[in-house]
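Position 1 is the first residue of the sequence; numbering continues from there. Values below: all heavy atoms of this structure, side chains included; hydrogens, waters and symmetry mates excluded.
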Amino acid sequence: MKRSYLHMALAALGVVALVAGFALVVVFYMARQPALALAALGLIGGSVWIYLSPRFYAWRYVVPGIFAALLFIVLPMAYTLTIGFTNYSSAHLLSFDRATDVLLGRTVSSGEGMSFRMLPEQGGAYRFVFTDDAEQHFASEAVKLGGEQRVKIAAIAEEPQGEPATLKDVIAAQAQIKDIVAVMPDGTEMRMSSLRRFSAMHPAFSRNKDGSLTDAADGSRLTADFARGYWLRANGDPVEPGFRVYVGWENYVQIFKDPRFFEPFGRVFGWTISFAAINTVLTFAIGILLANALNWDALRYRNFYRLMLFLPYAVPAFISIPVFRGLFNENLGEINMVLEMFFGVRPSWFSDATLARSMVLIVNTWLGYPYMMILCMGLIKAIPSELYEASALAGAGPLTNFFRITLPLIARPIAPLLIASFAFNFNNLTLIALLTGGAPDYLDTQVPVGATDLLASYTYRIAFQDSGQNYALACAISSIVFLIVATLAVVNLRLFKVNHANA
């Protein structure tokens with residue numbers, strides 16, 4: 001009985017997953033992403049085959065993990081790498097076809113127009129009544145709002161009587177009214193140009209047989225420049241909106257050859273390496289020292305000390321970091337008040353580059369040492385006590401025990417965790433964003449960048465803040481950061497593996 005319920009639950013879960021998967025395929029297809037839709041359809045088909053075929057029974061437990069890795073790691077990274085080879089930015093958001101449709105959909109007013117009012121009719125319809133500047137009246141038949149529609153307008157002798165729709169009603173129906181094209185008796189087409197007026201409208205651009213566009217205002221021709229991602233006028237001026245194009249290695253070349261980007265990139269890269277390395281060393285040093293102290297059998301109230309020393313790690317960083325921002329406040333912060341009281345100094349933590357970097361290191365060390373402390377405590381517990389007893393019989397002291405027994409025995413198992421800590425600090429966007437925002441900014445760079453910016457926060461500023469929302473350049477930098485971190489991790493892990501084998 002229980003097995004039948006389990007099978008029914010699994011079947012229901014499978015149906016839900018299948019429906020969700022096909023919904024995802026439809027979403028990709030409607031978003032004009034046929035490649036993603038086809039890939040999603042292939043994954044769904046493969047999953048169904050694996051879960052229905054007895055030959056692939058073992059794969060049923062592996063497939064969810066593979067799909068999670070593909071969805072949350074491989075796909076975002078592949079998308080980031082792809083964007084890095086384009087000109088995707090706030091000025092080039094649309095595809096070529098979409099940007100062209102936007103231009104072709106633009107209309108301009110000829111200046112001729114009529115005032116209008118809407119007379120309610122039965123069934124929720126309206127009759128449009130127009131009056132020109134010569135007090136001539138025109139009207140339509142009853143029209144139901146909704147969707148694009150062409151409405152023929154005829155001349156009438158007298159203005160119809162009736163209570164017109166209020167301005168509030170016109171505002172509520174404004175989107176539907178704009179879809180109406182009023183065709184006058186002479187063939188002139190008019191659209192809503194204000195809340196009380198229709199004006200003669202005509203397309204701003206028209207498409208030519210050779211694919212170029214013609215500007216209706218002056219008859220000039222526009223050609224598509226697929227190198228820059230713009231429609232260009234004859235004099236070379238671009239017409240917005242721009243469109244996305246593949247630019248190859250241009251973004252990467254710009255990073256390393258354009259002084260505007262290479263100089264700040266070099267500074268930020270150097271500080272990022274220093275920050276990650278120094279912070280990893282500091283947190284490990286403090287963590288292992290505290291772990292040794294807390295493993296001392298003669299220490300009373302050890303559990304209380306462990307709890308108190310672990311608290312900085314238990315409190316979420318997005319709560320702790322703003323607290324430290326207040327403590328280091330140059331005017332009202334408690335840290336400056338204490339320093340001024342005892343030493344007569346009031347450091348400029350957020351204005352001086354060296355002090356700002358020191359503050360960042362202090363705060364991140366405070367947040368990170370409990371993690372290292374807990375790891376080292378566990379590793380020290382695994383060291384056989386006989387080694388320390390033999391050391392005591394030989395007359396060795398605490399320092400000898402630490403450097404000859406404790407440190408060598410925990411070095412190998414903690415090495416991968418130190419590498420992971422280095423990689424985490426390399427991309428510690430949360431700390432910089434909440435504590436300094438990258439400040440203080442350099443004054444001698446064209447691209448906004450600060451003394452405390454890491455590569456992650458520098459990339460964020462380029463993508464979303466004060467560098468024109470250049471998503472493609474940010475993706476190129478993100479790809480470089482990924483390759484750097486991945487290379488460092490592989491090299492360190494290989495060295496650790498070699499050392500371990502030699503040992």
Side-chain angles (χ1 to χ4, degrees), residues 26-27 30-32 90 93-95 97-209 212-222 231 233 239-243:
V26 173
V27 169
M30 295 187 68
R32 298 183 180 181
S90 57
L93 289 173
L94 307 176
S95 65
D97 292 336
R98 183 71 185 108
T100 304
D101 290 342
V102 169
L103 292 178
L104 293 175
R106 287 180 181 174
T107 57
V108 292
S109 171
S110 64
E112 302 176 2
M114 298 183 182
S115 60
F116 81 95
R117 56 197 185 99
M118 299 161 54
L119 299 179
E121 298 284 342
Q122 293 182 352
Y126 291 94
R127 187 183 184 196
F128 286 81
V129 178
F130 299 89
T131 304
D132 63 13
D133 296 335
E135 296 297 325
Q136 291 182 317
H137 303 294
F138 303 84
S140 70
E141 299 295 332
V143 177
K144 279 196 173 183
L145 302 180
E148 287 273 357
Q149 51 185 317
R150 297 169 61 86
V151 178
K152 291 186 177 181
I153 309 299
I156 56 176
E158 295 182 358
E159 184 178 8
Q161 301 300 314
E163 189 68 26
T166 63
L167 184 61
K168 180 180 179 181
D169 296 332
V170 174
I171 293 174
Q174 184 176 3
Q176 290 81 15
I177 299 173
K178 285 185 175 181
D179 289 336
I180 292 178
V181 179
V183 183
M184 304 305 293
D186 61 356
T188 302
E189 296 183 354
M190 301 192 0
R191 285 181 178 268
M192 183 182 186
S193 57
S194 68
L195 294 176
R196 288 302 189 192
R197 195 168 181 84
F198 267 54
S199 298
M201 310 292 287
H202 60 83
F205 299 94
S206 59
R207 191 193 295 271
N208 302 315
K209 291 183 178 180
S212 63
L213 302 180
T214 298
D215 189 340
D218 54 11
S220 61
R221 296 170 70 86
L222 279 68
W231 280 97
R233 298 185 183 277
V239 178
E240 294 185 349
F243 49 87

Visitor: Check whether any side-chain N or O of R221 sits under 3.5 Å from a backbone N or O of S212 as a donor-acceptor pair, and report yes or no.
Guide: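 Such a contact is absent between R221 side chain and S212 backbone.
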Visitor: Applying ring pair (Phe, Tyr, Trp, His ring centres under 6.0 Å), which residue pairs with at least one partner in residues 121-152 are found, sequence neighbours left out?
Guide: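 Only F130-F198 qualify under ring pair (Phe, Tyr, Trp, His ring centres under 6.0 Å).
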Visitor: Could you report the tightest heavy-atom contact between P160 and R117, atom names first, then the distance?
Guide: O-NH2, 2.8 Å
Visitor: Given 3.5 Å as the limit, does a donor-acceptor pair link the side chain of R191 with the main chain of K178, or not?
Guide: yes
Visitor: Atom CE in M184, atom CE in M190: separation rounded to 0.5 Å?
Guide: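 One gets 5.0 Å once the value is rounded to the nearest 0.5 Å.
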Visitor: To the nearest 0.5 Å, what is the distance between CZ on F116 and CG on D132?
Guide: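 It is 15.5 Å, given to the nearest 0.5 Å.
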Visitor: Could you measure the distance from the CG atom of D101 to the CZ atom of R207? Nearest 0.5 Å is fine.
Guide: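 So the CG of D101 and the CZ of R207 are separated by 7.0 Å.
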Visitor: Could you check whether any side-chain heavy atom of E121 comes within less than 4.5 Å of a side-chain heavy atom of V143, counting everything from C-beta outward?
Guide: no
Visitor: What's the separation between atom CD1 in I153 and atom CG in D186, rounded to the nearest 0.5 Å?
Guide: 11.5 Å
Visitor: Taking atom types as modelled and ignoring hydrogens, do the side chains of S220 and D218 form a donor-acceptor contact shorter than 3.5 angstrom?
Guide: yes
Visitor: Nearest heavy-atom pair of W231 and L103: which atoms, and what distance?
Guide: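 Answer, listing the atom of W231 first, then L103: CD1-CD1, 3.5 Å.
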Visitor: Between atom CD of Q149 and atom CD of Q176, what is the distance when rounded to the nearest 0.5 Å?
Guide: 10.0 Å
Visitor: Quick check: closest heavy atoms across A204 and V108, and the distance to 0.1 Å?
Guide: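 A204 and V108 have their closest heavy atoms at CB-CG1, 3.9 Å.
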Visitor: Take atom CD in E148; do more than 12 heavy atoms of anything else shown fall under 6.0 Å from it?
Guide: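 Yes, CD of E148 has more than 12 neighbouring heavy atoms, counting only those of other groups under 6.0 Å.
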Visitor: Identify the two heavy atoms, one from A99 and one from G242, that lie closest to each other, and give their separation to 0.1 Å.
Guide: CB-O, 3.9 Å
Visitor: If you look at every heavy atom in A154 and P185, which pair is closest and at what distance?
Guide: CA-CG, 4.4 Å
Visitor: Give, for atom OG1 of T100 and atom CG of L213, the distance between the pair rounded to the nearest 0.5 Å.
Guide: 6.5 Å
Visitor: Under 3.5 Å, is there a donor-acceptor pair between the side chain of R127 and the main chain of E141?
Guide: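 No: the side chain of R127 does not pair with the backbone of E141.
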Visitor: Side chain to side chain donor-acceptor pair (under 3.5 Å) with S115: which residues, sequence neighbours excluded?
Guide: none
Visitor: Give the intermediate values and the outcome of side chain to side chain contact (heavy atoms under 4.5 Å, CB included) for residues L145 and I180.
Guide: CA-CA 8 Å; L145 302 180; I180 292 178; 3.6 Å; yes
Visitor: So which heavy atom on V170 is nearest to which on L195, and how close?
Guide: CG1-O, 3.6 Å
